[in-house]
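Values below: every heavy atom of this structure, side chains too, minus hydrogens, waters and symmetry copies. Just so it is clear, the model here is predicted, and its values are computed rather than measured. Numbers restart at 1 for each chain; the letters A, B, ... are given by sequence-line order, proteins then strands.
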Amino acid sequence: MQDKYAPADIERAAQTHWNKTGAARAVEDTSKPKYYCLSMFPYPSGKLHMGHVRNYTIGDVLSRFHKMQGFNVMQPMGWDAFGMPAENAALANNVPPAGWTYSNIDYMRKQLQSLGFAIDWEREFATCTPEYYRWEQWLFTRLYEKGLVYKKLGTVNWDPVDHTVLANEQVIDGRGWRSGALIEKREIPMYYMKITAYAEELLTELDNLPGWPEQVRLMQKNWIGKSTGVRFAFPLADNADEQLWVFTTRADTIMGVTFVAVAAEHPLAMRAAAGNPELANFIEECKKGGVAEADIATMEKKGMPTGIYVSHPLTGEQVEVWVGNYVLMSYGDGAVMAVPAHDERDFAFALKYNLPIKQVVAVDGESFSDQAWAESYADKIKGKLVNSGKYDGLGYEAAVDAISADLSAKQLGDKKTQFRLRDWGISRQRYWGCPIPIIHCSTCGDVPVPDDQLPVVLPENVEITGAGSPLAKMPEFYECKCPKCGGDARRETDTMDTFFESSWYFLRYACPDNTMAMVDERVQYWCKGGIDQYIGGIEHAILHLLYSRFFTKLMRDVGLIGDLGEPFANLLTQGMVVAPTFYRDLDGGKKLWLNPADVDVVTDEKGRPTGATLKSDGLPVVIGGTEKMSKSKNNGVDPQALIDQYGADTARLFIMFASPPDQSLEWSDAGVEGAYRFLRRLWKTTYDHVQAGLVDTKFAQDSLSTAQADLRRKLHQTMGKVADDYGRRKQFNTAIAAVMELLNAYDKCDLTNATGRKLAQETLESIALLLFPIVPHIGQALFAELKPGLDAGVQAFPKADPAALKQDEIELMVQVNGKLRSSIRVAAEADKASIEAAALASEGAVKFMEGKPAKKVVVVPGRLVNIVV
RNA sequence: GCCCGGGUGGUGAAAUUGGUAGACACAAGAGACUUAAAAUCUCUCGGCUUAUGGCUGUACGGGUUCGAUUCCCGUCCCGGGCACCA
């Protein structure tokens, strides 16, 4: 055995061994329970970042642990290869997106392999290849025929200078990121997936996902946003045949309506604007800015009257229609009733424009008094109706029932269930994505590309200019014949949202080699009951996970995957790896983001940052917020240096030890040294034992000294704890801490006699196996030294021996009035009365009871005694 | 703005079901070994204090309880998502 821990050597040897034995190869085998362990596949952005290392180490620990527990494990890997960064790189460096992507994949694959993950590389694929995306084109045409894909107008960010559609990320403070031009909203035709048809199932099935974090289920539930309310109409004052429809969850307040607000794009607004230049200007103003909801929701609420009046459906009273910049055309009917007395936003709006405020709900008879009252009252309280004619005195539910019944009788409305969830617009006016398989024919309309003409292959020789859609400038791509009539036609030049690819890749891993079908029966083996563990960033809690659930249901209903309806049985959402951001302001409001590795942070004596300078020029830079590591903020930390210097095991150990997986992790280099030191110490400890000679582990429990029995108890407690931490709690930091404690105890224990050496052998063998899932290379090497010829990865995970766990005497804490005052040692099986007596007699208890009698004594078995005086 | 999380020593964190707050580490300081350095080992390490003890302390303000980092109400701050970043 080498006396020094040499990670480079043992990692190379272990990886060679695993490759040679096909250790990570997954083959269907019905004799064992399967364990499909999936980590979210990476976007090939260039090189691995810390978030990847964290994500894939978690997956690897769970995979290796379950393999040792007897499962047939599959851990695949692939590439989410379409996306904007490839086009950005093309613009910046004049490299073709395909070439850029494939070379990134090659580099990142090597990095993943150097980390020693037990990945079945024979299942690898990239989503940008026709072999992959042809199947989603095929599915798209099936869904189009079923009516689950349809075309309608959608609103996008339009850059009027570059004449191009921008992603929300490319709109910075309302301006285009390259042109600096003020962004406008523009409506263009797009294809939509009818996810709302599955809203109810996507919602109810959340209750059948006990393996998902409550947090994620709640976020999805709120996102789908089922609400029951009333949809009703205001007839137009000058033409009762025409109606303005709205939806409300507060139909009880309908008698308090003092105006109606519509979106700028609403037909009524457009009509009113025709003869009203001022209003037309206002509507134009509403079109300024991007489409991101966060921006719309935080901007100043503005409005303007249209001069159009509608009749209140119950009172016939005239109510004016306003245009409001906060009303979204894409929600419901693009119009809302306004009840300033009972809605915060309406209240603020009414105050600003001097509109009437009419209280119609009261709690405990309180009546509207002043502005402050209304602010605290609005939107919060349901009570009894007042000022509402025949509805006075009714509570919320009775009022909604009565009002909706009256509306229904007049055929002006009814109760309705509404979802916040909107259909999924999938058209992108970009190049590096999957072409939408539709052909536009002037006589036949939109025609899906027939199966025998699939795939529609994305051309790879392309010029990226940043202005307009590249495919729309390539006649050799878009000129085609109509599959129906054979006449000249134009191919769709939009590509699909890249969420399309990531919504089904996990099913394709079961059968990546199938050239005849999207998926096959192997999905039934690997995905039965759902993928056993899915691991990925919490930032995907809503969109990616919801789309994947939706796709699974779509594919089920197309008959592709049997009755599989939910893709992920267990979900672990890892926290973000975050890092500080640094920038310098450039001309035109742009920012130059600087990598933390290139910046020196200046701190005060308390360790608080006071400023930062760029290493290369020593001049100050601005410290931004601490945010998730991302390409756009240039705050990613490259793990490669860490791997090169210390080896994969140290990198894996450190990142697992730094914090529990679901917590966000602020990156810092400090502590890496400690992880390395621990591995070195473990190596040295094992080396010392091996040098003294290997022994067997057969000995009688009662031949151990008290100290040795204590160590052996700790060893077997640690086995239970680590298995529980890996399997149930998924808290790897505490598992590592427990092994560190064990090694500390080992060092302090005298193990020089014959039994002691056997206990040493037992302890070191166990530690190698306990840590194997986290640090497999050193685990493999140490176990092979301790048990020559044996392979750590195929051993059963250590299991605690009940005889070792037995304890005669235990320590209990003694509190007086809830404060810790002393401790007592009692027999493990001592009864309550004798524990109470011992506690009352203890020195600390006597002192702090000050002679007063005990009013009450609480005994918590195995923990403490609390004496109340 | 809305939805979801989080806030514990100088730092990362632990406390699993309401029961010993700070395990395990990092950093720092002191010492041993060494010609010296590195490595290694030992000790100290929340704050205050009249120090073998006592008081206090888990963002802040309240509450429930014999007992609260944990449960409830309110406030502040930080992070994630908000439908075209992935």
Colleague: How close or far is atom C1' of B:rC85 from atom CG of A:N157, stated in whole angstroms?
Modeller: 13 Å
Colleague: Students often get this wrong, so: under 4.0 angstrom with heavy atoms, is A:G425 touching a base, only sugar-phosphate, or nothing?
Modeller: sugar-phosphate
Colleague: With a 3.5 Å cut-off and just heavy-atom distances, do the side chain of A:R681 and the base of B:rU40 make a donor-acceptor pair?
Modeller: no
Colleague: Does A:L812 reach a base, just sugar-phosphate, or nothing at all? Heavy atoms under 4.0 Å.
Modeller: nothing
Colleague: Which part of the nucleic acid, if any, lies within reach of A:H544 when heavy atoms closer than 4.0 Å are counted: base, sugar-phosphate only, or nothing?
Modeller: nothing
Colleague: Who passes ring-ring contact (aromatic ring centres under 6.0 Å, His included) against A:F419, sequence neighbours left out?
Modeller: none
Colleague: If you apply the rule salt bridge (charged side-chain N to carboxylate O under 4.0 Å, His left out), what do you find for A:D423 with A:K194, and how did you get there?
Modeller: CA-CA 5 Å; A:D423 277 338; A:K194 212 179 255 179; over 6 Å; no
Colleague: Are A:N168 and B:rA83 close enough that a side-chain N or O sits under 4.0 Å from OP1 or OP2?
Modeller: yes
Colleague: Once you apply a heavy-atom cut-off of 4.0 Å, does A:F678 come out as touching a base, just sugar-phosphate, or nothing?
Modeller: nothing
Colleague: Reckon A:K721 touches a base, only the sugar-phosphate, or nothing at all at heavy-atom distances under 4.0 Å?
Modeller: base
Colleague: Expressed as a whole number of Å, how far does the P atom of B:rU17 sit from that of B:rG10?
Modeller: 28 Å
Colleague: With a cut-off of less than 4.0 Å, is there a side-chain N or O of A:R680 near OP1 or OP2 of B:rU40?
Modeller: yes
Colleague: Nearest to the side chain of A:R420, which nucleotide is it out of B:rG19, B:rA83, B:rA86?
Modeller: B:rA83
Colleague: Listed in order of residue number, which residues of residues 738-748 of chain A have a non-hydrogen atom at under 4.0 Å from RNA chain B?
Modeller: A:M740, A:E741, A:N744
Colleague: Using a heavy-atom cut-off of under 4.0 Å over every strand shown, decide if A:P42 touches base, sugar-phosphate, or nothing.
Modeller: nothing
Colleague: For nucleotides 2-8 of chain B, tabulate all protein N/O to nucleotide N/O atom pairs closer than 3.5 Å, reporting atom names and distance.
Modeller:
| unit_1 | atom_1 | unit_2 | atom_2 | d |
| --- | --- | --- | --- | --- |
| B:rC3 | O3' | A:N222 | ND2 | 2.8 |
| B:rC3 | O2' | A:N222 | ND2 | 3.0 |

Colleague: Nucleotides 48-56 of chain B: which of its N/O atoms have a protein N/O under 3.5 Å away?
Modeller:
| unit_1 | atom_1 | unit_2 | atom_2 | d |
| --- | --- | --- | --- | --- |
| B:rC55 | OP1 | A:R821 | NH2 | 3.2 |
| B:rC55 | OP2 | A:R821 | NH1 | 3.2 |
| B:rU56 | OP2 | A:K819 | NZ | 3.1 |

Colleague: Among residues at least two apart in sequence or on other chains, which ones pass side-chain contact (heavy atoms from CB on, under 4.5 Å) with A:S179?
Modeller: A:D159, A:V161, A:D162, A:A181
Colleague: Which residues in residues 294-301 of chain A have at least one heavy atom lying under 4.0 Å from any atom of RNA chain B?
Modeller: A:A294, A:A297, A:T298
Colleague: Can you list every stem that RNA chain B is part of, counting only runs of 3 or more consecutive Watson-Crick or G-U wobble pairs with both distances under 3.5 Å?
Modeller: B:1-7 with B:76-82, B:10-12 with B:24-26, B:28-32 with B:40-44, B:46-49 with B:53-56, B:59-63 with B:71-75
Colleague: Tabulate atom names and distances for all N/O pairs under 3.5 angstrom spanning the protein and nucleotides 67-76 of chain B.
Modeller:
none

Colleague: Give A:F499 one of three labels, base, sugar-phosphate or nothing, depending on what nucleic acid heavy atoms sit under 4.0 Å from its own.
Modeller: base
Colleague: Without placing hydrogens or testing angles, list every side-chain donor-acceptor pair under 3.5 Å for residues 737-745 of chain A, not counting sequence neighbours.
Modeller:
| unit_1 | atom_1 | unit_2 | atom_2 | d |
| --- | --- | --- | --- | --- |
| A:E741 | OE1 | A:K714 | NZ | 3.3 |
| A:N744 | OD1 | A:R681 | NH1 | 3.2 |
| A:N744 | OD1 | A:R681 | NH2 | 2.8 |

Colleague: Return a table of donor-acceptor pairs under 3.5 angstrom between the side chains of residues 815-822 of chain A and protein atoms on other chains or two or more places apart.
Modeller:
| unit_1 | atom_1 | unit_2 | atom_2 | d |
| --- | --- | --- | --- | --- |
| A:N817 | OD1 | A:V869 | N | 3.1 |
| A:S822 | OG | A:S842 | OG | 3.0 |

Colleague: Please report, rounded to the nearest Å, how far the C1' atom of B:rA86 is from the CG atom of A:N104.
Modeller: 14 Å
Colleague: Students often get this wrong, so: under 4.0 angstrom with heavy atoms, is A:R729 touching a base, only sugar-phosphate, or nothing?
Modeller: base
Colleague: With the criterion being N/O to N/O and under 3.5 Å, what pairs connect the protein with nucleotides 27-34 of chain B, and how long is each?
Modeller:
| unit_1 | atom_1 | unit_2 | atom_2 | d |
| --- | --- | --- | --- | --- |
| B:rA27 | OP2 | A:R677 | NH2 | 3.3 |

Colleague: Select base, sugar-phosphate, or nothing to describe what A:V165 touches, counting heavy atoms under 4.0 Å on all strands.
Modeller: base
Colleague: Is the phosphate of B:rC84 approached by A:R422 (side-chain N or O, under 4.0 Å from OP1 or OP2)?
Modeller: no
Colleague: Which residues pass the side-chain contact (heavy atoms from CB on, under 4.5 Å) test with A:I542, sequence neighbours left out?
Modeller: A:M219, A:W223
Colleague: Counting the atoms with a prime plus P, OP1 and OP2 as sugar-phosphate, which does A:S45 contact under 4.0 Å by heavy atoms, base, sugar-phosphate, or nothing?
Modeller: nothing
Colleague: At 4.0 Å (heavy atoms only), tell me whether A:M190 reaches a base, stays on the sugar-phosphate, or touches nothing.
Modeller: base
Colleague: Is the phosphate of B:rA14, meaning OP1 or OP2, less than 4.0 Å from a side-chain N or O of A:T734?
Modeller: no
